[in-house]
Amino acid sequence: MKIASWNVNSLKVRLPQVKAWLAEQAPDVLALQETKVPDDQFPVRALQEAGYTACYTGQRTYNGVAVLARSAPADVATELPGFADAQRRVIACTVAGVRLINVYVPNGQAVGSEKYDYKLRWLEALHRWIADELAAHERVVVTGDFNIAPQPADVHDPEAWAGSVLFSERERAALQGLLAGLGLTDTFRLFEQPEALFSWWDYRVNSFKRNRGLRIDLILASPALARACTAASVDLEPRRWERPSDHAPAVAAFEL
DNA sequence: ATGGTAGTCTAACTA
């Protein structure tokens with residue numbers, strides 16, 4: 001089972017790229033973030049023609065998440081329990097016996113800002129939700145744009161980024177709470193990886209060309225699935241395409 | 001020093 005996660009920064013703009021990437025990589029599941037599309041405008045038919053059934057929760061201009069799957073997603077949930085939020089940032093569903101939780105973690109803007117506080121509170125609610133899902137399901141995968149780089153090796157210049165949003169102590173501690181705390185595994189780090197392989201590069205100042213990136217797009221696995229993981233990577237190719245998303249897809253394969 | 005680009009939508013926000 002091949003599972004991928006991609007922040008597309010507008011599904012409307014990136015639909016041709018999503019279709020091309022699906023045809024090329026043939027994942028069983030593609031989790032999307034920042035679709036920026038209301039539900040009544042979601043491209044259901046185009047994706048069905050590509051061989052995928054979608055579940056989605058979106059809004060105009062901002063946020064929006066979706067899961068595309070070869071077999072129809074079941075038991076869909078679109079709310080973070082105990083955290084009333086108009087922003088469409090989570091979707092969970094079950095595909096082929098795997099419980100998928102797809103998240104678009106708040107960016108946080110700047111350490112100490114209101115949005116940073118919202119990010120930390122949001123992550124606490126996510127922690128509680130994942131704990132419940134892990135208690136109910138053996139096979140759990142959490143995909144998404146976490147807007148947090150886990151380790152120094154996931155940041156092009158960790159000293160310059162220390163203390164900044166996306167790499168500050170409290171955010172990293174919240175992410176560690178999901179990893180060490182809940183027993184999830186960052187599948188990317190199960191395998192030997194090239195140095196400086198990232199998943200997001202700011203559109204500005206030629207960041208991609210200079211590889212000034214961060215690895216913030218993650219695929220986390222419960223113990224049973226971590227044992228079944230056979231490969232994990234980031235596919236840089238779509239970031240090289242014309243008019244790209246600022247993120248590249250993260251990919252993980254499982255032998256089930 | 002507080003930029004630079006992209007998306008949504010024409011003013012300003014979010015990232």
Side-chain angles (χ1 to χ4, degrees), chain A residues 5-21 30-43 46-47 56-66 80 83 85-91 102-123 126 143-150 154-157 159-168 170-172 174-175 198-218 234 236-250:
Chain A
S5 178
W6 192 7
N7 178 324
V8 289
N9 186 21
S10 169
L11 182 56
K12 190 177 172 188
V13 171
R14 236 64 70 185
L15 183 59
Q17 296 188 20
V18 168
K19 286 166 64 182
W21 195 79
L30 175 58
L32 301 174
Q33 305 87 34
E34 279 203 271
T35 57
K36 299 185 175 179
V37 63
D39 291 348
D40 61 358
Q41 289 168 40
F42 195 89
L47 293 166
Y56 42 86
T57 182
Q59 62 183 95
R60 62 183 278 282
T61 313
Y62 304 119
N63 310 309
V65 286
L80 200 45
F83 193 90
D85 193 1
Q87 301 188 26
R88 304 289 79 202
R89 296 182 175 277
V90 298
I91 189 161
N102 179 35
V103 301
Y104 174 45
V105 175
N107 171 284
Q109 194 179 51
V111 173
S113 67
E114 243 174 71
K115 291 195 176 82
Y116 184 76
D117 180 58
Y118 163 67
K119 180 179 196 173
L120 294 174
R121 286 186 292 110
W122 193 96
L123 285 163
L126 179 67
T143 59
D145 175 359
F146 284 76
N147 269 317
I148 305 168
D154 300 309
V155 179
H156 71 90
D157 185 348
E159 286 178 19
W161 277 84
S164 297
V165 75
L166 310 189
F167 195 55
S168 71
R170 293 175 70 191
E171 295 166 78
R172 291 178 62 197
L175 182 54
F198 307 124
S199 69
W200 169 80
W201 304 258
D202 198 301
Y203 282 122
R204 296 165 286 193
V205 296
N206 267 321
S207 297
F208 183 63
K209 208 171 226 175
R210 298 153 72 190
N211 198 28
R212 293 167 63 116
L214 273 66
R215 194 176 65 89
I216 57 177
D217 298 274
L218 311 176
V234 174
L236 297 180
E237 200 195 329
R239 191 63 177 79
R240 300 190 183 103
W241 292 346
E242 283 289 313
R243 206 179 179 190
S245 166
D246 46 350
H247 296 252

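Scope of the values below: all heavy atoms of this structure, side chains included, with no hydrogens, waters or symmetry mates. Every chain is numbered from 1 and lettered A, B, ... according to where its sequence line falls, protein lines coming before strand lines.
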To the nearest angstrom, how far is [X] atom [atom1] from [N] atom [atom2]?
X         : N       : atom1 : atom2 : value
Trp241(A) : dA6(B)  : CH2   : P     : 18 Å
Ile148(A) : dA15(B) : CD1   : P     : 14 Å
Tyr118(A) : dT14(B) : OH    : P     : 12 Å
Tyr104(A) : dA15(B) : OH    : C1'   : 6 Å
Leu15(A)  : dG7(B)  : CG    : C1'   : 16 Å
Asp145(A) : dT14(B) : CG    : P     : 17 Å
Asn9(A)   : dA15(B) : CG    : C1'   : 8 Å
Gln33(A)  : dA15(B) : CD    : P     : 14 Å

Do the side-chain N or O atoms of [X] get closer than 4.0 angstrom to the phosphate oxygens (OP1, OP2) of [N]?
X         : N      : answer
Arg243(A) : dG7(B) : yes
Arg60(A)  : dG7(B) : no
Lys12(A)  : dG7(B) : no

Select one nucleotide: of [options], the one nearest the side-chain heavy atoms of [X].
X         : options                  : value
Val205(A) : dT8(B), dA15(B), dG4(B)  : dG4(B)
Thr61(A)  : dA15(B), dC9(B), dT14(B) : dC9(B)
Tyr203(A) : dA15(B), dA6(B), dT8(B)  : dA6(B)

If you assign each of Trp200(A) and Arg14(A) to its closest nucleotide in DNA chain B, which residue comes earlier from the 5' end? Arg14(A)

Which comes earlier along DNA chain B counting from the 5' end, the contact point of Lys36(A) or that of Asn147(A), where each point is its nearest nucleotide? Lys36(A)

Integer angstrom distance from the [atom1] of [N] to that of [M]:
N       : M      : atom1 : value
dA1(B)  : dG7(B) : C1'   : 27 Å
dA15(B) : dC9(B) : P     : 16 Å
dT2(B)  : dA6(B) : P     : 22 Å

Touch check for Phe208(A), heavy atoms < 4.0 angstrom, all strands: base, sugar-phosphate only, or nothing? nothing

Under 4.0 Å, counting only non-hydrogen atoms across every strand here, what does Arg89(A) touch: a base, just sugar-phosphate, or nothing? sugar-phosphate

When you measure from the side chain of Ser168(A) to the backbone N and O of Val165(A), does any donor-acceptor pair fall under 3.5 Å? no

Taking Glu171(A) for the side chain and Leu166(A) for the main chain, is one N or O donor matched with an acceptor at less than 3.5 Å? yes

Crowded around Arg170(A) CZ? As in, over 12 foreign heavy atoms under 6.0 Å? no

Validation row, ring centre Phe208(A) to ring centre Trp201(A) under 6.0 Å: yes

Shortest non-hydrogen contact between Tyr118(A) and Arg89(A), atoms and distance: OH-NE, 3.1 Å

Whether the Asn9(A) and Tyr203(A) side chains hold a donor-acceptor pair (N or O, under 3.5 Å, no angle test) is what I'd like checked. yes

